[in-house]
There are 2 protein chains.
Amino acid sequence: MRLVIARCQVDYVGRLTAHLPMAPRLLLVKADGSVSIHADDRAYKPLNWMSPPCWLEEQPGVWTVRNKADESLVITIDEVLHDTKHELGVDPGLVKDGVEAHLQELLAAHPTTFGEGYTLVRREYMTAIGPVDLLLRDAAGKSVAVEVKRRGEIDGVEQLTRYLELMNRDPLLAPVAGVYAAQQIKPQARTLAEDRGIRCLVVDYDALRGTESTDLRLF
Amino acid sequence: MRLVIARCQVDYVGRLTAHLPMAPRLLLVKADGSVSIHADDRAYKPLNWMSPPCWLEEQPGVWTVRNKADESLVITIDEVLHDTKHELGVDPGLVKDGVEAHLQELLAAHPTTFGEGYTLVRREYMTAIGPVDLLLRDAAGKSVAVEVKRRGEIDGVEQLTRYLELMNRDPLLAPVAGVYAAQQIKPQARTLAEDRGIRCLVVDYDALRGTESTDLRLF
DNA sequence: CGCTATATGTCGCTC
DNA sequence: GAGCGACGTATAGCG
């Protein structure tokens, strides 16, 4: 990783055209060839950048970064204030906990969370407009489509509504009931869901994980 | 802006829980108090971060960054390999030249792109739930609502559907037809749109701009 | 490689 | 502060 502090001007031409007037900034050149330009505010977002794969051509006073799509980032350097290089190696990577995938996994493993006698048919059940998170059958054998979200907001209800509309036209599945399962459901989302006959289920992630470890202890 | 290269371990507890094992990384501390942790790849996204407003408490070997929502980032530092500070001042900021607004503008100027005899009623036609990008009338005088997007995805169809539902309740407008206009329309979005009776129109931005310059030459 | 859903999305605007 | 839409969204996962 190379760290350069320099007075520079930046011109991006690609999906849009953007220009940064001459000023001191951080230029970050990473081992994968990517380049980003940071100002002294905002943690997350660089002012400008080029994602890998891309190639940096360095000439005195002008850096040009290009990618396959012929987007370009031209960095005109007026004065270099700092320039160091550091070997970091490959990062072991981030371990996340509490994301949607894990929640879906837990619910798939414990379909009775949705009710007595519920069984799992499929995770990621494919439809023409995308995959339904969980397809279950209730005790009576009726199809139940489940949309899983960490935070239940209105767009998740829309998503499930689309799936239900489509699935209910399939005579092999219909009638299909809908359940919106999330760790937290916003009032607006709940109102819309219930108005459409979709059941809302607030899932206690820690309790579910607890069940999991209880199972592990039992067997 | 402070640049620190250090062997560190990071633990984030907040909207989710995340952990980074001990490894050398870049710690970026900005003037606004924000902190981000970068590996030697990916230009855009830090491995972990805390956005401003937030506060860094530095103790020997342990940095703790906290925000109002009581999210926390704990950085355990094993070894500091580099530590420099640089005054950058306030950035003059980015100048963008967008595409999206221009596309709407071009279509408004050339309503016959949608069909023979089409005329523009209004751009940004206000409804109770937001502005419709374009309101047109076809050759027969029937209302046509247009949603313009650079890339046509499914949420644009939902948006247009909501507008159409509302507008079709207005006796002065109804019946209102819908057109989804974009430079590119994803198959999923097309399927949903056509299923709802919404016409999809793929717009050639360059051709349209070409028409524009032809017009300019003619007059 | 292309497509789709997710994101600690972030950012900027309106209400 | 919440809600909504755009973003050069980026990025991961799967066919």
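Every value quoted in this text rests on a predicted model; they were computed, and no experiment measured them.
Look at R66(A) and E71(A) and you find no salt bridge, because none of the NZ, NE, NH1 or NH2 atoms lies under 4.0 Å from a carboxylate O. Ion pairing of D32(B) with R42(A) is absent here, as no side-chain N (NZ or NE/NH1/NH2) approaches a carboxylate O to less than 4.0 Å.
Looking at which nucleotide of DNA chain D each of I154(A) and E71(A) is closest to, the 5′-most match is held by I154(A). Nearest-nucleotide assignment on DNA chain C puts the 5′-proximal partner with K68(A), out of K68(A) and D133(A). DNA chain C is contacted by both G130(A) and S51(B); G130(A) maps to the nucleotide lying nearer its 5′ end (nearest heavy atom per residue).
Contact annotation: R123(A) does not reach the phosphate of dG13(D) (side-chain N/O to OP1 or OP2, under 4.0 Å). Look at Y163(A) and you'll find a side-chain N or O under 4.0 angstrom from OP1 or OP2 of dA5(C). When the side-chain nitrogen and oxygen atoms of R162(B) are compared with OP1 and OP2 of dG5(D), one or more of them lie within a distance under 4.0 Å. For the pair W49(B) and dG9(C), the criterion of a side-chain N or O lying under 4.0 Å from OP1 or OP2 is not met.
As rounded to whole Å, 12 Å separates atom C1' of dG9(C) from atom CD of E153(A). Atom CD of E158(B) and atom P of dA5(C) are 12 Å apart (whole Å). Between E124(A) atom CD and dG13(D) atom P there is a gap of 12 Å when expressed in whole angstrom units. Rounded to whole Å, atom P of dA5(C) lies 16 Å from atom CG of L134(A). Separating the CZ atom of R122(A) from the C1' atom of dC14(D) is a distance of 12 Å, rounded to the nearest angstrom. In this entry the distance linking CG of L16(B) with P of dA12(D) reads 15 Å, nearest Å. Between the C1' atom of dA7(C) and the CG atom of L47(B) lies a distance of 15 Å, rounded to the nearest Å. Remark: C1' of dA2(D) and CG of D155(A) are 15 Å apart, rounded to the nearest angstrom.
Considering only the side chain of R15(B), dT10(C) comes nearest among dT6(C), dT10(C), dG8(D). Considering only the side chain of K149(B), dA6(D) comes nearest among dA6(D), dA5(C), dG8(D). Comparing dG8(D), dG9(C), dA10(D) by their nearest atom to the side chain of K45(A) picks out dG8(D). Side-chain atoms of R42(A) lie closest to dC11(C) of the nucleotides dG9(C), dT11(D), dC11(C). Nearest nucleotide to the Q159(B) side chain, out of dA10(D), dG5(D), dT11(D): dG5(D).
Side-chain contact check for K149(A) and Q183(A): no donor-acceptor pair (N or O, by modelled atom type) lies under 3.5 Å. Between the side chains of K30(A) and H38(B), at least one donor N or O lies within less than 3.5 Å of an accepting N or O. Between the side chains of T161(A) and R196(A), at least one donor N or O lies within less than 3.5 Å of an accepting N or O.
Separating the P atom of dC11(C) from that of dT11(D) is a span of 15 Å, rounded to the nearest Å. dC4(D) sits 22 Å from dG8(D) when the P atoms are compared, rounded to a whole Å.
Applying the 5.5 angstrom centroid cut-off and the 30 degree plane-angle cut-off, the aromatic ring of Y44(A) is not stacked upon the base of dG9(C).
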Exercise for the section: Begin from the C-alpha positions of D133(A) and R123(A) and carry the test salt bridge (Lys or Arg N to Asp or Glu O under 4.0 Å) through to its verdict. Expected result: CA-CA 6 Å; D133(A) 289 337; R123(A) 279 178 65 184; over 6 Å; no
